[in-house]
Novice: 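Supplied in structure tokens, the structure appears directly below.
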There are 2 protein chains.
Amino acid sequence: MAALPAPETSSSTRFESVLEAVRAAILAGEFEPGERLHEVKLTTLLGVSRTPVRAALQKLASEGLLDYTPNRGYTLREFSIDEVISAYEVRAVLEGLAARLSAERGLNVSEMGTLQQALRDGDDLLRNGHITDEHRSEYSRINACFHVTIHASAGSRLLNDMVYLCQQVPVSSPRNVVAFEEGDVRRRHEDHHRIFEAIVGREPWRAEMLMRDHVASVKSSLIRSLPSPAAVQSATKTARRLRR
Amino acid sequence: MAALPAPETSSSTRFESVLEAVRAAILAGEFEPGERLHEVKLTTLLGVSRTPVRAALQKLASEGLLDYTPNRGYTLREFSIDEVISAYEVRAVLEGLAARLSAERGLNVSEMGTLQQALRDGDDLLRNGHITDEHRSEYSRINACFHVTIHASAGSRLLNDMVYLCQQVPVSSPRNVVAFEEGDVRRRHEDHHRIFEAIVGREPWRAEMLMRDHVASVKSSLIRSLPSPAAVQSATKTARRLRR
DNA sequence: CCAGCAGAAAATGTATACATTATCTTTGAC
DNA sequence: GTCAAAGATAATGTATACATTTTCTGCTGG
């Protein structure tokens, strides 16, 4: 466990600063899976009292990053490959539902504009030949915008919150783990066009299926990018391991 | 806002007592939608200090029952009919996914036994003619057991947590099965048999579709049981807001 | 009468002391 | 040497005092 950067930003409340500092430390791998996060240690590391630390830990536990046991404090959860994969499964069905609900309700003017802009931006970005890392990073932003807008247009806060929770599951490799190949990016942008078409055309079922497969394809890319074939096997179907 | 029952049960920590007391009070309708839940008032009502109260409020906010704004505390969320309905939509796709994953992984001996027992218990309960309220209550327990076992057998904690969150939405709890008519209960028990069959037969797609429709049917029953749309609106004080 | 700005009241944010529980260490018996 | 029990240590749970922010109140000026 290394030292944490002091949260001297203190934009608003200490609780929020601590929350982000600890979250960042966790995602940066500063703690081992299963390791206990002692309140007092964080207290001295961060230079605040136990009160905001406790609040932050509780929040992180509610997001699924930590485990909590009364009188025994918080420990870092372990995220198996299986857990990460099923997080994508969950996200796929949730985002599929979002697309369906969006198609049922219809887009408002603002949402329509945002989605069209995202599609145009993507078109522009991918028009010219080769794709650089910078392109990928920019497309990542556009991609997020597209998806977030559809979540919002579904009009369900519960659904929104749950997609957020899915995205809090740490990925084994860094955030941009799935370094998509150029073909993948183009293919996924095509998906966006079709999904938009289905939503605008008020085809709920089609929108749901397209979005579901769209997100599931990320899962496939992730599996493809896993190190050893053995790991892949254990991650995908080999929940066939002996179940007691 | 009425007085709350003192949490003298003191199961283990005060935090947990307060959590359940406040949750119960909310579900019992002791607070108005949008009403602010002041820490100090709860403090005096419950006879504990602010510390466990704050923790409980934060937990309830993470479950989606309360809204939180820094420096402004917690307010009771409003749950429009739309929100409740989409909670069922979400639950339907999540439980559908659970059934699919369960069918892919296969059941272990314990899960198999539990499900078979639940099916047998249901058969016994519904064999004889008329269904009383007591029957309904007992079937509610069996129903919960059946579903919980399938969620567990899916092997994803994230999925489990999310189904739990769906059930925390007021009025969308499975307890409401009690309100079903006799035909509905029988039909839903038949569903259980078929879902079990699909899981045991390792038919993921069929299991998902059956479970999805099974849960969605609860939504339909709910909608059917609603008074006229106009009455609903006035009763819930939730005018469907115009989408800009 | 209303708008707007103090000042007061009250609410939440934070630190800290103390209580309770868990965990570690030491000691003693076998 | 191992095990167990008792005390010591350290962790979390809780209460409370104080700090900061919000919210209410009432005044003043127009």
Side-chain angles (χ1 to χ4, degrees), chain A residues 1 4-23 25-26 30-63 65-77, chain B residues 1 4-23 25-26 30-63 65-77:
Chain A
M1 191 174 78
L4 273 52
E8 291 304 340
T9 59
S10 185
S11 55
S12 48
T13 66
R14 294 187 211 281
F15 156 68
E16 292 173 45
S17 312
V18 171
L19 178 61
E20 292 317 316
V22 177
R23 194 209 305 280
I26 290 173
E30 307 269 352
F31 302 96
E32 296 295 316
E35 182 177 342
R36 195 157 157 188
L37 279 76
H38 297 275
E39 295 174 5
V40 278
K41 283 184 183 167
L42 292 172
T43 279
T44 56
L45 278 172
L46 297 166
V48 298
S49 81
R50 278 177 58 208
T51 309
V53 170
R54 277 180 72 80
L57 293 177
Q58 187 182 334
K59 184 91 201 310
L60 290 169
S62 80
E63 290 180 6
L65 243 54
L66 303 177
D67 278 325
Y68 169 73
T69 311
N71 290 315
R72 278 197 223 172
Y74 297 85
T75 56
L76 183 57
R77 267 193 63 186
Chain B
M1 189 176 78
L4 273 52
E8 290 305 339
T9 58
S10 183
S11 54
S12 50
T13 66
R14 295 189 210 280
F15 156 67
E16 293 173 44
S17 310
V18 171
L19 177 61
E20 293 317 316
V22 177
R23 195 208 305 282
I26 290 173
E30 307 269 352
F31 301 96
E32 295 295 316
E35 181 177 343
R36 196 157 157 189
L37 279 76
H38 297 274
E39 295 174 5
V40 278
K41 283 183 184 167
L42 293 172
T43 279
T44 55
L45 278 171
L46 297 167
V48 298
S49 81
R50 278 177 58 208
T51 309
V53 170
R54 276 181 72 81
L57 292 178
Q58 187 182 335
K59 184 89 201 308
L60 289 169
S62 80
E63 291 180 5
L65 243 54
L66 302 178
D67 278 326
Y68 169 74
T69 311
N71 289 315
R72 279 197 221 173
Y74 298 85
T75 56
L76 182 57
R77 269 192 62 187

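Proteins come first, then strands; the chains are lettered A, B, ... in the order of their sequence lines, and each starts at number 1.
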Novice: Run the side chain to side chain donor-acceptor pair (under 3.5 Å) test against B:E20 and tell me which residues pass, sequence neighbours left out.
Specialist: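 So B:E20 forms a side chain to side chain donor-acceptor pair (under 3.5 Å) with B:R23.
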Novice: Mind listing the side-chain donor-acceptor pairs of residues 48-57 of chain B below 3.5 Å, one per line with the distance, residues two or more places apart or on another chain?
Specialist:
residue, atom, partner, partner atom, Å
B:S49, OG, B:T51, N, 3.3
B:R50, NE, B:E39, OE1, 2.9
B:R50, NH2, B:E39, OE1, 3.0
B:R54, NH1, B:E39, OE2, 2.7

Novice: List the residues meeting side chain to side chain donor-acceptor pair (under 3.5 Å) with B:N71, not counting sequence neighbours, and say none if there are none.
Specialist: none
Novice: Are A:V18 and A:L42 close enough that some pair of their side-chain heavy atoms sits under 4.5 Å apart?
Specialist: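 No - every pair of side-chain heavy atoms lies 4.5 Å or more apart.
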Novice: Can you name the residues that form a side chain to side chain donor-acceptor pair (under 3.5 Å) with B:R77, not counting sequence neighbours?
Specialist: none
Novice: What's the shortest heavy-atom distance between A:L46 and A:A21, and which atoms?
Specialist: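 Residues A:L46 and A:A21, closest heavy atoms: CD2-CB, 4.0 Å.
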Novice: Could you tell me which residues satisfy side-chain contact (heavy atoms from CB on, under 4.5 Å) with A:P70, sequence neighbours excluded, listed by chain and number?
Specialist: A:Y68, B:T13, B:E16
Novice: Detail all sub-3.5 Å separations between protein N/O atoms and N/O atoms belonging to nucleotides 6-14 of chain C.
Specialist:
residue, atom, partner, partner atom, Å
C:dA11, O3', B:R36, NH2, 3.4
C:dA11, O3', B:H38, ND1, 3.4
C:dT12, OP2, B:E39, N, 3.2
C:dG13, OP1, B:Y68, OH, 2.6
C:dG13, OP1, B:N71, N, 3.0
C:dG13, OP2, B:R54, NH1, 2.5
C:dG13, OP2, B:R54, NH2, 2.8
C:dG13, N7, B:R50, NH2, 3.0
C:dG13, O6, B:R50, NH1, 3.0
C:dT14, OP1, A:R14, N, 2.3
C:dT14, O3', A:R14, NE, 3.0

Novice: Between the opening five pairs and the closing five pairs of the helix from C:dC1-D:dG30 to C:dC30-D:dG1, how far apart are the helix axes, to 10°?
Specialist: 0°
